[in-house]
Q: 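First, the structure itself, so that you have it in front of you.
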Amino acid sequence: MQIDLQSLLGSRSAIMKMEQLVSLCKRRGFLFQSSEIYGGLNGFWDYGPLGVELKRNIKEAWWRDMVTSHDDLGVAAGAPGVYAMTGLDCTIIMHPQIWKCSGHYDLFHDYMVDCRQSKKRYRHDQVCGRWVAAKGQRIFATAQEGDEAAEQMERQAMKFFHFRAKDADQMQWDGPVVSLTKVDDFSQVLGPDAKELGTLTEPREFNLMFKTYVGALSGEEGAAFLRPETAQGIFVNFKNVIDSTRFRLPLGIAQVGKSFRNEITPRNFTFRSREFEQMEIEFFCHPSQSAQWYQYWRDRRFAWYTELGLAGQRLRLRDHDPDELSHYSTGTADIEYAFPFLAEGEFGELEGIAHRGDFDLRSHMEGKLDPNTCPLAVETGEDGKPKWRGSGKDLSYRDDLTNERYVPHVIEPSAGADRATLAFLCEAYTVDQAPDEDGKMQERVVMRLHPRLAPIKAAVLPLVKKDGMPELAQEIYRALKRHFNVFYDEKGAVGRRYRRQDEAGTPYCITVDGQTMADRTVTIRDRDSLEQWRVSVDDCVGEIRGRIMG
RNA sequence: GCGGGAGUAACUCAGUGGUAGAGUGCUAGCUUCCCAAGCUGGACGUCGCGGGUUCGAAUCCCGUCUCCCGCUCCA
């Protein structure tokens, strides 16, 4: 009992913390609800003046750390060998066939039926059943597809007719087990978990991809989708990148961009948004080395979050269980964060690192592969032909040193930019104690963002608005502004200005005081420790740069 | 999709049918040589939106949107 109570209190304080964070985000301009003046739009969020800088810094840190600053001449720590990195920027709307071959079309186009009684939801095509008659009534007893479907169907029917086990032979089964898709009239259908007939709704399309129409006058033939992930744009451009550059494998191709999914339940602030931004790498390598590369990327990506401040118990790397994996994948790991809005002990995904084998490239060559086959084979329709035809283009790679030709295997570190932003915000939000002017400890809200990520790198403040301090402070401000996003503030008491910067996550405050006028030194205040030290006016740029770069 | 709660100033909230409030924040001036200080001023509201009842609605009724919580879902 005590444990329950504690976890309840724990989650309540976590919810309160989350509410305070949401409130701060609104108040200070990190995040706003989309279309707010019109009442908002479920699942869409806007980044305000501070938020846009934070998110940009996260994306830029990712791009710099993964792509532009990558040393392709030496072997990175933990890497199996040298490799190259490059980038790409694809369109959001692509050829509709791409989503058929990627598998998104099938997965995102399920028809669902809801049970009004049990409140359960089923995939229309995964409910099967059989006609059965007894006591002068003929019903369609159903169950969810699976090994025990037949027994469950029978149990459902027995319950419905109020039969005991010994009466089972009074039920007359009629015809084979068929899919619910073969039944048009649901009035005589007994849902898999229902006690009465006719509780299932009509099948409704669950269109998890956003549909749009290409061409001003187009009908269904112009139907297309907003991409649900950036990855496919990289796969379909793999040959272009190889042909237009002198890159050799192993090669990683990175992309940052918006993706769109009709989440069923947008919730938890920006965690589950319908329009979101991804930071994805598709890393192409020789099949024999793919397992090592997978390990490398898994560890490398985890370390990236750690270095930027998501250290500690709230971040974890979780390897998927073997039975969670597709058989063609030798590994998938999630980097997860214990968001405050989740229950105690629960984690939410920030990034997935997946070993995808050659599934994607081959699907775009030959036609959509059936992930349940081994070895992978093209999924066929009822006519025996490929269900979804591939491009027919050869996407294999020829190693011009060994002359070996192969379809590369792919490691996919796929990160959510908005989720990372949210995690950094959650991690940064801190309430601590700081002394007021009387030395009394007061509550202080401070966003302890990593200096690299902080929207504003430094604030320049004249201690008082006289004695030439504003003029000198403005001079320093202009010098810094050429290099970083900095903020100038001369209004009001300095303590208030410090606290304002604390809430914005500004790591350093540069203050011009009486001594500055004498010896051209200023104080620099550290956001987290509240320590101050003196630096020459001319060294400010170097001092801030050194500290931001870490 | 279901059930529960909520929506009033930038933020947190009070306001049970009769002139829309408080605290914080914001802002101007004075003061102030280091952490939300003091003094004197100032601005800020279609009470989520739409409709209805009423002489009169933030308040009652209906609809709708959004947020939070619990289910469901999470490829």
Side-chain angles (χ1 to χ4, degrees), chain A residues 8 11-12 14-16 18-29 32-45 48 99 102-110 112-123 193 201 204 206-209 228-229 261-269 271-272 326 341-343 348-349 352 371 432-446 461-467 469 491-503 509-518 522-527 529-532 534:
Chain A
L8 203 70
S11 68
R12 193 175 300 153
I15 289 163
M16 276 176 61
M18 199 59 211
E19 283 171 355
Q20 284 161 7
L21 175 65
V22 172
S23 162
L24 182 144
C25 284
K26 167 94 193 285
R27 183 158 41 88
R28 300 307 308 246
F32 308 126
Q33 196 187 4
S34 167
S35 318
E36 195 191 86
I37 64 166
Y38 282 100
L41 189 59
N42 200 348
F44 296 87
W45 298 89
W99 307 114
S102 71
H104 289 91
Y105 185 86
D106 291 339
L107 284 168
F108 281 36
H109 266 254
D110 300 330
M112 308 292 283
V113 293
D114 289 316
C115 177
R116 296 186 190 91
Q117 190 177 61
S118 67
K119 307 296 180 197
K120 290 203 176 207
R121 175 174 293 156
Y122 315 94
R123 268 180 58 175
D193 300 281
T201 61
R204 283 178 291 196
F206 258 60
N207 202 339
L208 268 55
M209 281 198 289
E229 63 171 37
R261 294 178 194 186
N262 264 317
E263 295 283 355
I264 293 167
T265 314
R267 198 153 304 174
N268 291 331
F269 208 15
F271 186 77
R272 224 164 247 236
S326 308
F341 48 75
L342 297 173
E349 184 183 341
D432 69 3
Q433 303 282 313
D436 66 12
E437 63 162 4
D438 302 323
K440 239 170 60 184
M441 295 309 271
Q442 299 286 342
E443 202 168 77
R444 177 179 77 133
V445 174
V446 52
L461 318 167
L463 189 60
V464 291
K465 205 168 129 185
K466 62 180 186 186
D467 301 337
M469 289 181 201
K491 298 185 189 95
V494 75
R496 183 183 299 264
R497 287 178 273 159
Y498 285 144
R499 297 296 175 88
R500 267 198 288 253
Q501 294 306 316
D502 290 338
E503 273 198 347
C509 287
I510 297 168
T511 306
V512 170
D513 58 14
Q515 193 179 330
T516 313
M517 313 313 287
V522 292
T523 62
I524 300 189
R525 167 193 184 263
D526 181 88
R527 175 195 66 202
S529 67
L530 301 179
E531 278 170 27
Q532 286 184 296
R534 297 200 78 90

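Protein chains get the first letters and strands the later ones, always in sequence-line order, with residue 1 at the start of each.
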Q: Once hydrogens and angles are ignored, does a donor-acceptor distance under 3.5 Å link the base of B/rG25 to the side chain of A/Arg500?
A: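 A donor-acceptor contact between them is absent.
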Q: Nearest to the A/Gln532 side chain among B/rC34, B/rC11, B/rC69, which nucleotide is it?
A: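 Among the listed nucleotides, the one closest to the side chain of A/Gln532 is B/rC34.
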Q: Side chain of A/Gln33 only, heavy atoms from C-beta on: which candidate in B/rA37, B/rU66, B/rC33 is closest?
A: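 Of B/rA37, B/rU66, B/rC33, B/rU66 is nearest to the side chain of A/Gln33.
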Q: Going by purine N1 to pyrimidine N3 plus the second Watson-Crick contact, or the G-U wobble pair, all under 3.5 Å, which nucleotide sits opposite B/rC26?
A: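 Matched B/rC26 with B/rG42 under the 3.5 Å cut-off.
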Q: To the nearest 0.5 Å, how far apart are CD in A/Gln33 and CH2 in A/Trp45?
A: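 Between A/Gln33 CD and A/Trp45 CH2, I get 5.0 Å after rounding to 0.5 Å.
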Q: Between A/Ile37 and A/Arg525, name the one whose nearest nucleotide on RNA chain B is closer to the 5' end.
A: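 Looking at the nearest nucleotide for each, A/Arg525 comes out on the 5' side.
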Q: Where the side chain of A/Arg267 is concerned, which of B/rU32, B/rC34, B/rC68 is the nearest nucleotide?
A: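 In terms of side-chain proximity for A/Arg267, the closest of B/rU32, B/rC34, B/rC68 is B/rC68.
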Q: Rounded to whole angstrom, note down the C1' distance from B/rU46 over to B/rG42.
A: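 Approximately 23 Å lies between the C1' atom of B/rU46 and that of B/rG42.
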Q: Within the pair A/Asn42 and B/rC65, is there a side-chain N or O less than 4.0 Å away from OP1 or OP2?
A: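 The answer is no; no side-chain N or O of A/Asn42 sits under 4.0 Å from OP1 or OP2.
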Q: Could you go through A/Arg444 and A/Asp432, starting from their C-alpha distance and side-chain angles, then the distance that decides it, and tell me whether this counts as salt bridge (charged side-chain N to carboxylate O under 4.0 Å, His left out)?
A: CA-CA 5 Å; A/Arg444 177 179 77 133; A/Asp432 69 3; 2.9 Å; yes
Q: At under 4.0 Å between heavy atoms, what does A/Glu349 touch on the DNA or RNA strands: base, sugar-phosphate, or nothing?
A: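 Counting heavy atoms under 4.0 Å across all strands, no contact is made by A/Glu349.
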Q: Picking from B/rA10, B/rA37, B/rC67, which would you name as closest to the side chain of A/Ala493?
A: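 Of B/rA10, B/rA37, B/rC67, B/rA37 is nearest to the side chain of A/Ala493.
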Q: Hey, is the side chain of A/Asn268 poking within less than 4.0 Å of OP1 or OP2 on B/rC68, counting only N and O atoms?
A: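 Answer is no, no contact under 4.0 Å.
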Q: Please tell me if A/Arg28 has a side-chain N or O lying less than 4.0 Å from either OP1 or OP2 of B/rA10.
A: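 Result: no.
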Q: Among B/rC34, B/rG29, B/rC69, which nucleotide sits nearest the side chain of A/Lys465?
A: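 Nearest to the side-chain atoms of A/Lys465, counting from C-beta on, is B/rG29.
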Q: When you get a sec, tell me which of B/rC33, B/rC69, B/rC35 is the closest nucleotide to the side chain of A/Asp513?
A: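 So the side chain of A/Asp513 is nearest to B/rC33.
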Q: Under 4.0 Å between any heavy atoms, over every strand shown, what does A/Met469 touch: base, sugar-phosphate, or nothing? Just pick one.
A: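 Base: the residue A/Met469, judged by heavy atoms under 4.0 Å, touches a nucleobase.
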Q: Between A/Glu36 and A/Leu530, who's closer to the 5' end of RNA chain B by nearest nucleotide?
A: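 Closer to the 5' end of RNA chain B: A/Glu36.
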Q: Side-chain N or O of A/Arg497 less than 4.0 angstrom from OP1 or OP2 on B/rA36?
A: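 No.
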Q: If I pick the C1' atom on B/rC11 and the same atom on B/rC65, what distance separates them, to the nearest angstrom?
A: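 The same atom, C1', in both gives a distance of 22 Å.
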Q: Answer with yes or no whether A/Tyr498 presents, from its side chain, a donor or acceptor under 3.5 Å of a partner atom in the base of B/rC34.
A: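 Checked by distance alone, the answer is yes.
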Q: With the side chain of A/Val464 defined as its heavy atoms from C-beta on, choose the nearest nucleotide among B/rC33, B/rC26, B/rC67.
A: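 The listed nucleotide nearest to A/Val464's side chain is B/rC33.
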Q: Does the base of B/rC34 carry an N or O that pairs as donor and acceptor with the side chain of A/Thr523 under 3.5 Å?
A: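 Such a pair is found, so the answer is yes.
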Q: Is any side-chain nitrogen or oxygen of A/Lys466 closer than 4.0 Å to OP1 or OP2 of B/rU32?
A: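 The answer is yes; a side-chain N or O of A/Lys466 sits under 4.0 Å from OP1 or OP2.
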Q: Students often get this wrong, so: under 4.0 angstrom with heavy atoms, is A/Phe32 touching a base, only sugar-phosphate, or nothing?
A: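 Here A/Phe32 touches no strand at all.
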Q: Considering only atom P, compute the distance from B/rC62 to B/rC73 and round it to an integer number of Å.
A: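 Looking at atom P only, B/rC62 and B/rC73 are 32 Å apart.
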Q: Tell me if the side-chain of A/Arg499 makes a donor-acceptor pair with the base of B/rA36, cut-off 3.5 Å, by modelled atom types.
A: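 Answer yes: a donor N or O sits under 3.5 Å from an acceptor.
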Q: Mind checking A/Leu24 for me? I need base, sugar-phosphate or nothing, with any heavy atom below 4.0 Å counting as a touch.
A: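 Nothing: the residue A/Leu24, judged by heavy atoms under 4.0 Å, touches no strand.
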Q: How many angstroms lie between atom CZ of A/Arg525 and atom CG of A/Asp502, to the nearest 0.5 angstrom?
A: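 Between atom CZ of A/Arg525 and atom CG of A/Asp502 there are 4.0 Å.
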Q: Give none if B/rG21 has no partner; otherwise give the nucleotide forming a Watson-Crick or G-U wobble pair with it, both distances under 3.5 Å.
A: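 Answer to the pairing question: B/rC13, which forms a Watson-Crick or G-U pair with B/rG21.
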Q: Mind checking A/Thr511 for me? I need base, sugar-phosphate or nothing, with any heavy atom below 4.0 Å counting as a touch.
A: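 If one applies the 4.0 Å heavy-atom cut-off, A/Thr511 turns out to touch a base.
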Q: How would you label the contact of A/Gly43 with the nucleic acid (heavy atoms, under 4.0 Å): base, sugar-phosphate, or nothing?
A: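 Here A/Gly43 touches the backbone only, sparing every base.
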Q: When rounded to the nearest Å, what value does the distance between P atoms of B/rU53 and B/rC13 take?
A: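 That atom pair is separated by 34 Å.
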Q: Say you pick atom C1' in B/rC26 and the same atom in B/rA10; how far apart are they, in whole Å?
A: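 Straight-line distance between the two C1' atoms is 8 Å.
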Q: Enter the distance from A/Met517:CE to A/Leu463:CG here, rounded to the nearest 0.5 Å.
A: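 Going from CE on A/Met517 over to CG on A/Leu463, the span is 11.5 Å.
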Q: Considering only atom C1', compute the distance from B/rG17 to B/rA58 and round it to an integer number of Å.
A: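 11 Å, rounded to whole Å.
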Q: What's the spacing between A/Glu531 CD and A/Thr523 OG1 if we round to 0.5 Å?
A: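 The CD atom of A/Glu531 sits 13.0 Å away from the OG1 atom of A/Thr523.
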Q: So, for A/Val512 and A/Met469, which heavy atoms are closest and what is the spacing to 0.1 Å?
A: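 Shortest heavy-atom separation between A/Val512 and A/Met469 comes out as O-SD, 3.6 Å.
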Q: When you compare B/rG15 with B/rC68, how far apart are their P atoms, in angstrom units rounded to a whole number?
A: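 After rounding to an integer number of Å, I get 24 Å for this pair.
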Q: What's the gap between B/rC49 and B/rU8 when it is taken at their C1' atoms, as a whole Å value?
A: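 Approximately 14 Å lies between the C1' atom of B/rC49 and that of B/rU8.
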Q: Taking atom CD of A/Glu443 as the centre, report whether more than 12 heavy atoms of other residues, nucleotides or ligands fall under 6.0 Å from it.
A: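 Atom CD in A/Glu443 is not crowded, with 12 or fewer foreign heavy atoms closer than 6.0 Å.
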Q: I need the A/Arg500 CZ to A/Lys491 NZ distance, nearest 0.5 Å.
A: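 Those atoms lie 8.5 Å apart.
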Q: Name the closest nucleotide to the A/Val494 side chain, picking from B/rC68, B/rC34, B/rC11.
A: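 The nucleotide sitting nearest to the side chain is B/rC34.
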